[in-house]
Amino acid sequence: MPNLKPVFSIEKAHKAQLQLSKFIVFEDRLPKNIHFVGGVDTAYFKDVAISASVVLEFNNLNLVEAQVATRKVAFPYIPTLLSFRELPSTLACIKKLKIMPDIFLVDGQGIAHPYRCGFASHLGVVLGKPTIGVAKSRLTGDIEPFPNRDFTYLKDNNEVVGAALRTPTGKTLYVSVGHMISLETAIKIVRHCTRGSIPEPIRLAHKRATTERRKISKP
DNA sequence: GCGACAG
DNA sequence: ATCTTGTCGC
């Protein structure tokens, strides 16, 4: 058998992200009244990615549906290339949903990425659905001390790429545009969905993925 | 070359 | 992300 050359290089992947970033919509393209909010998260067991997608009613944040999907990971974790690792299993569990939410909250960056195409944006463009990036730590950009608000802009070389939002608990969340939404609306939605240290959609997706993980690890 | 670096 | 028990705090 001839040697199969790697189907990618970090450089090519970055160029692909640069191309993908051109399709990102920074304006609100979601229903005036949001009915359902979605959340996705991924857990791991060895070389298997276990993703979970959940749907909550926007008004009361009650869980109405949850799905899971697993895939062998074909990509290592490389900062800036997270989407290539989590996209397969994430897309799979989203396709199982009977109720398609109006928007998805994704754990990871949106455009707050070196090539303006983090996991949340990549997922949004592929789905053609609104997404918001909600990360627990920063990838790129800097913030200045919090002013008299609960958030401060995240800037990458003077360009606003997102915001650092302080939750009621005191935790800092990095919010950025994923796709089909404005930063202003994204901040409002994340605020609305956050009761503890993390938005409910992501917290529940994380919980569901973790539950599924132990089923696989401890039969 | 050095440091930073989502999950 | 994951490896891990009890423990300090709101």
Side-chain angles (χ1 to χ4, degrees), chain A residues 10-11 13-14 16-18 20-21 24 39-54 68-94 104-126 131-143 153-157 161-179 183 186 190 194-199 201-218:
Chain A
I10 290 180
E11 186 186 339
H14 284 164
Q17 294 179 318
L18 214 44
L20 277 167
S21 71
I24 299 171
V40 293
D41 188 42
T42 300
Y44 293 90
F45 176 59
K46 307 243 178 138
D47 61 346
V48 175
I50 305 143
S51 292
S53 58
V54 298
V68 296
T70 62
R71 289 288 187 282
K72 278 190 79 171
V73 294
F75 213 91
Y77 170 67
I78 298 173
T80 73
L81 301 182
L82 176 65
S83 64
F84 293 90
R85 178 176 168 82
E86 302 198 338
L87 215 41
S89 55
T90 299
L91 285 173
C93 69
I94 287 178
F104 280 103
L105 263 56
V106 184
D107 65 296
Q109 314 292 346
I111 64 163
H113 176 281
Y115 298 96
R116 304 294 179 264
C117 188
F119 179 36
S121 294
H122 195 153
L123 178 64
V125 170
V126 171
T131 60
I132 297 174
V134 183
K136 295 178 292 298
S137 60
R138 53 159 235 102
L139 206 213
T140 191
D142 307 287
I143 61 174
Y153 290 109
L154 175 63
K155 300 177 182 177
D156 195 3
N157 292 311
V161 296
L165 179 66
R166 181 140 301 162
T167 73
T169 315
K171 206 222 190 318
T172 298
L173 295 177
Y174 294 83
V175 180
S176 57
V177 170
H179 186 44
L183 178 58
V190 172
T194 306
R195 291 179 164 168
S197 302
I198 255 184
I202 292 180
R203 188 177 69 77
L204 295 179
H206 183 282
K207 190 178 169 188
R208 183 68 189 82
T210 300
T211 297
E212 193 62 22
R213 178 166 66 75
R214 63 184 179 191
K215 286 184 182 178
I216 297 175
S217 62
K218 296 181 179 180

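Chain letters run A, B, ... following the sequence lines, proteins first, then strands; residues in each count from 1. Since the model is a prediction, treat every value here as computed from it, not as a measurement.
Among the heavy atoms of the strands, none lies under 4.0 Å from I50(A). Among the atoms of the strands shown, only primed sugar atoms or phosphate atoms (P, OP1, OP2) are found under 4.0 Å from some heavy atom of A43(A). Residue T169(A) is out of contact with every strand shown, counting any heavy-atom pair closer than 4.0 Å.
With no hydrogens or angles considered, no side-chain donor-acceptor pair links H113(A) and T80(A) at under 3.5 Å. Between the side chains of E86(A) and Y44(A), at least one donor-acceptor pair of N or O atoms lies under 3.5 Å.
Distance, E86(A) CD to dA1(C) C1': 8 Å, rounded to whole Å. As rounded to whole Å, 7 Å separates atom C1' of dG7(B) from atom CG of D107(A). In this structure, D41(A) atom CG and dA6(B) atom P are separated by 15 Å, rounded to whole Å. The CG atom of L81(A) sits 18 Å away from the P atom of dA1(C) (whole-angstrom rounding). We find that CG of L87(A) is positioned 14 Å from C1' of dG7(B), with the value rounded to whole Å. In this structure, CZ of F45(A) is placed 12 Å from P of dT4(C), rounded to the nearest angstrom. Rounded to an integer number of Å, the gap from Q109(A) CD to dA6(B) P is 8 Å. Remark: P of dC5(B) and OH of Y115(A) are 16 Å apart, rounded to the nearest angstrom.
Stacking of the aromatic ring of Y77(A) onto the base of dG7(B) is found: the ring centres lie under 5.5 Å apart and the planes are inclined by under 30°.
Salt bridge annotation for K136(A)-D107(A): absent, with no cationic side-chain nitrogen under 4.0 angstrom from a carboxylate oxygen.
Listed candidates were dA1(C), dG7(B), dA6(B). Nearest to the side chain of H206(A) is dA1(C). For L139(A), the listed nucleotide lying nearest its side chain is dC5(B); candidates were dG7(B), dT2(C), dC5(B). The nucleotide whose nearest atom lies closest to any side-chain atom of R138(A) is, among dT2(C), dA4(B), dG7(B), dA4(B).
Regarding contacts with the backbone of dT2(C), a side-chain N or O of R213(A) is found under 4.0 angstrom from either OP1 or OP2. Close to dG7(B), at under 4.0 Å from its OP1 or OP2, lies a side-chain N or O of K136(A). Dashed line: the shortest gap from a side-chain N or O of S137(A) to OP1 or OP2 of dG7(B) is under 4.0 Å. Contact between the side-chain N/O atoms of K46(A) and the OP1/OP2 oxygens of dT2(C) is not found at any separation under 4.0 Å.
From S121(A), atom OG reaches atom CG of L20(A) across 9.5 Å, with rounding to the nearest 0.5 Å. Atom CG of L91(A) and atom NE2 of H122(A) lie 8.0 Å apart (nearest 0.5 Å).
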